[in-house]
Amino acid sequence: MNPDLTPTIWILLEAVVKGAIVIGALLTGFAYSTWFERKVIARMQVRLGPNKAGPAGLLLPAADGLKLFFKENIIPRAVDKGIFFLAPLISMTVAVLAFAVIPVGDPTEVPWREGLLQLGIADFDVALLYLLGVTSFAVYGIALAGWASNNKFALIGGLRAGAQMISYELAMGLSILGVVMIVGSLSLHEIVVWQKAHVWLVLLQPLGFVIYVITAIAETNRAPFDMPEAEQELIAGYHTEYTGMRFALFFQAEYIAMLTVCALAAALFLGGYSLPGVELPWFGDLAVFLGKVIAGMFVFVWIRATMPRLRYDQLMDFGWKVLLPLSIINVVATAVGLALYQNGVFG
Amino acid sequence: MVDNWGFIAVLTLVAFTVPLIGLALSWLLRPHRPGPIKQTTYECGLETIGDSWVQFKVQYYLYALIFVLFDVETVFLYPWAVAFLGLPLFALVEMVIFLGILAIGLIYAWRKGALEWV
C-alpha cells in the first residue's frame, strides 16, 4: 500500500466508526426516550406504565421496533411516490446530522492517533450556524410528507409544521445570539469551555434560556405545540398515510430532534459536559452530559403531561408577537450590558 | 478543518444509509398484500372527495415571506455577535439602529395585519 495514504485511511475509518457510534447511540437514545416518556407520563397520571415486557417494561422499545419491522407498508395510490419515499429519509438524516457538532467531552489523547481525539463528530468555528442551518432542513421532511400524501389532513399538518417551525426558528436564532456575544465564538466546544472557566450562561442569559426552551419545544413539534399532528383535529397530521418502517423513521426523527435540542440547551446554557469546579475524566464528562440530556427530556415529558395544546392562531401570535420582540430586546439588552461591563461600569 | 467537514460528509452518508438498510430489511421481512381498497387514501376513514393538491390558504405563505426577511437579517447579526467584544462602542450603536429597522419592519407587518390569523 502507498504509505502516504495510510493516515487518510485511518481518518476515514475513524469517521465511519464515529458516525456508527453516534447513530447507534441516537437510536438507542430514541428507543429508551419512548420508554422513558411513557413511564414518566404514566407516573404523572398515577398509572404504572409499561411493565410487562422485561423488568419495568425495559424490553418494550425492542418489541415495538420489531413489530414495526414486520408491518406491511401501505402506499396509497394517490400519493406522489418519489417524495413520499424520500420525506422520512430526509427527516431522519437531518435529525442525525444536527447532532454532529454537539461536544460530549474535552478532546482526549488516544494511543492510536496523532493529536487529540475530538469527542463528538466535529468541532469547527461555525458549528452553531451549521446546526441552525441543518435543523431548518427538518421542515422539508415534514412539509414534503404532508404534501406528497395527497391527503387533506396531512397537507394541513405539513403546512402548519412549515409555518410553525420557521416562525419559531427566528426567535430561537435570536435567543442564542446573547450566548454568542458573551463568548465571542460559534464553536460549541468553546462555549462549553468558556462556561467551565466562568459561569453557566443560564445565569447571564435567563431570558434567552427561557425563549430557547419554548422555541425548542415548538421546533420539535412537541406538546403543547404539537399542531402538525394534533390528533383530535388532523388524525395524525403529516404522517397519517405512513405505515410500518416509514412511520418509524418520522418517529425516530422526532425523538432524535428532542435529544439534540436538549443536548444543545446543555451545551449553550447549562455548562455542557462540565460541572462547576470539578475536573472529570472523559467518561465522567460523558455521564454529566447524559444526565443533563435526561433532565432535559424529563422537562419535555413534564410539559407534555401538564399543558393542553394551543390553538393555531394563538401559537402563531405567541411566536411573532411575544417571543420575537422579546428576543430582540434580549439581544439589545445583552449588547448594552456587555458594553457597560467592558467600560467598567460594573466596577 | 478539512477533517471536520470530511467527518460530516461521512456522517451524512452513514445517516442516509442506516435508515435505507432498515427499510430494505423491513421490505424483506414484511408481507406485501396490496389491495384496491387498502390503497385508497385513508384521510379520516370516509371516502376521499377530490385531490388535496389544490389552491390553499395564502396565510401560510405570508408567514413564509416575512420569515425570509427576518431570517436574512438574523444572519447578519451573527458575525456582529461573534466579534462584538472586540468592536468599538460605535458598532453597538449601529446594530441598535439595524435592530430598530428590524423592529419597525415587524411593527409594520403587525399593523398591516400580516400576523393576524384569519
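Side-chain atoms are counted along with the backbone in the values below, which use heavy atoms only and exclude waters and symmetry mates. Below, read A as the first sequence line, B as the second, and so on, with proteins coming before strands; counting in each chain starts at 1.
Heavy atoms of B:I8 lying under 4.5 Å from chain A belong to its backbone as well as its side chain. Both the backbone and the side chain of A:N73 come within contact range of chain B, with heavy atoms under 4.5 Å apart. Contacts of B:L20 with chain A are made by both backbone and side-chain atoms, with heavy-atom separations under 4.5 Å. For chain A, the nearby parts of B:V82 are the backbone and the side chain; heavy atoms of each come within less than 4.5 Å. In this structure, chain B has heavy atoms under 4.5 Å from both the backbone and the side chain of A:K152. Of the two parts of A:L177, the backbone and the side chain both hold a non-hydrogen atom closer than 4.5 Å to a non-hydrogen atom of chain B. Proximity to chain B (any heavy atom under 4.5 Å) is shown, for A:L26, by neither the backbone nor the side chain. If you measure heavy-atom distances from A:E169 to chain B, the contacts under 4.5 Å come from the side chain alone. Looking at A:A148, the atoms closer than 4.5 Å to chain B (heavy atoms on both sides) all sit in the backbone: N, CA, C or O. For B:L13, no part lies near chain A; criterion is any non-hydrogen pair under 4.5 Å. Using a 4.5 Å cut-off between heavy atoms, A:L155 contacts chain B through its side chain alone, with no backbone atom that close. Proximity to chain A is limited to the side chain of B:V10, based on heavy atoms less than 4.5 angstrom apart.
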Query raised in the report: Checking side chain to side chain contact (heavy atoms under 4.5 Å, CB included) for the pair B:W80/A:V331: CA distance, chi angles, key distance, verdict?
Result: CA-CA 11 Å; B:W80 169 77; A:V331 171; 4.1 Å; yes

Requested in this report: Go through A:M245 and B:W27 one step at a time and tell me if the side chain to side chain contact (heavy atoms under 4.5 Å, CB included) criterion holds.
Outcome: CA-CA 9 Å; A:M245 263 324 266; B:W27 185 81; over 6 Å; no

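Between chain B and the options A:V79, A:T93, A:N150, heavy-atom pairs under 4.5 Å are most frequent for A:N150. When each of A:Q314, A:M316, A:K71 is checked for heavy-atom pairs under 4.5 Å with chain B, A:M316 comes out on top. Interface check for chain B: of the options A:L97, A:V22, A:I182, the most heavy-atom pairs under 4.5 Å are formed by A:L97. Ranked by heavy-atom pairs under 4.5 Å with chain B, the first of A:I176, A:V126, A:L89 is A:L89.
Here the closest heavy-atom approach between residue B:D71 and residue A:L170 is recorded as N-CD2, 3.5 Å. When all heavy atoms of A:A20 and B:V14 are compared, the closest pair comes out as N-CG1, 4.4 Å. Between A:A339 and B:L92, the shortest heavy-atom distance links the atoms CB-CD2, 3.7 Å. Closest approach of A:L249 to B:P19, counting heavy atoms only: CD2-CB, 3.6 Å. For the pair B:F84 and A:A335, the tightest heavy-atom approach, listed with the atom from each and the gap, is CZ-O, 3.4 Å. The shortest heavy-atom contact between B:A15 and A:I23 is CA-CD1, 3.5 Å.
Contact check for A:M181 versus B:L85: no side-chain heavy atoms found under the 4.5 Å cut-off. Proximity of A:I90 to B:F16: side-chain heavy atoms (C-beta onward) are nowhere separated by under 4.5 Å. Considering only heavy atoms from C-beta on, B:I66 comes within 4.5 Å of A:W320 through its side chain. A heavy-atom distance below 4.5 Å is found between the side chains of A:K18 and B:F7. Annotation: side chain of B:Y61 is in contact with side chain of A:L159 (closest heavy-atom distance under 4.5 Å).
In this structure, B:L29 CG and A:F70 CZ are separated by 4.5 Å, a value rounded to the nearest 0.5 Å. With rounding to the nearest 0.5 angstrom, the CZ atom of B:F67 is 14.0 Å from the OH atom of A:Y168. Atom NZ of A:K321 sits about 6.0 Å away from atom CH2 of B:W110, to the nearest 0.5 Å. Atom OG1 of B:T74 sits about 4.5 Å away from atom CG of A:L174, to the nearest 0.5 Å.
Annotation: B:F98, atom CZ; neighbour count of heavy atoms from other residues, nucleotides and ligands within 6.0 Å is above 12.
Between the A:E72 side chain and the B:R30 main chain, no donor and acceptor come within less than 3.5 Å of each other. Looking only at distances, no side-chain donor or acceptor of A:R246 sits under 3.5 Å from a matching main-chain atom of B:L23. Within the 3.5 Å criterion, the main-chain N or O of A:G173 finds a donor-acceptor partner in the side chain of B:Y78.
Classification of the A:Y312-B:Y60 ring pair by plane angle, with boundaries at 30° and 60°, yields tilted.
Looking at residues two or more places apart in sequence or on another chain, you find a side-chain contact (heavy atoms from CB on, under 4.5 Å) between A:V336 and A:V332, A:L340. With sequence neighbours excluded, the residues satisfying side-chain contact (heavy atoms from CB on, under 4.5 Å) with A:L326 are A:L207, A:I211, A:V322.
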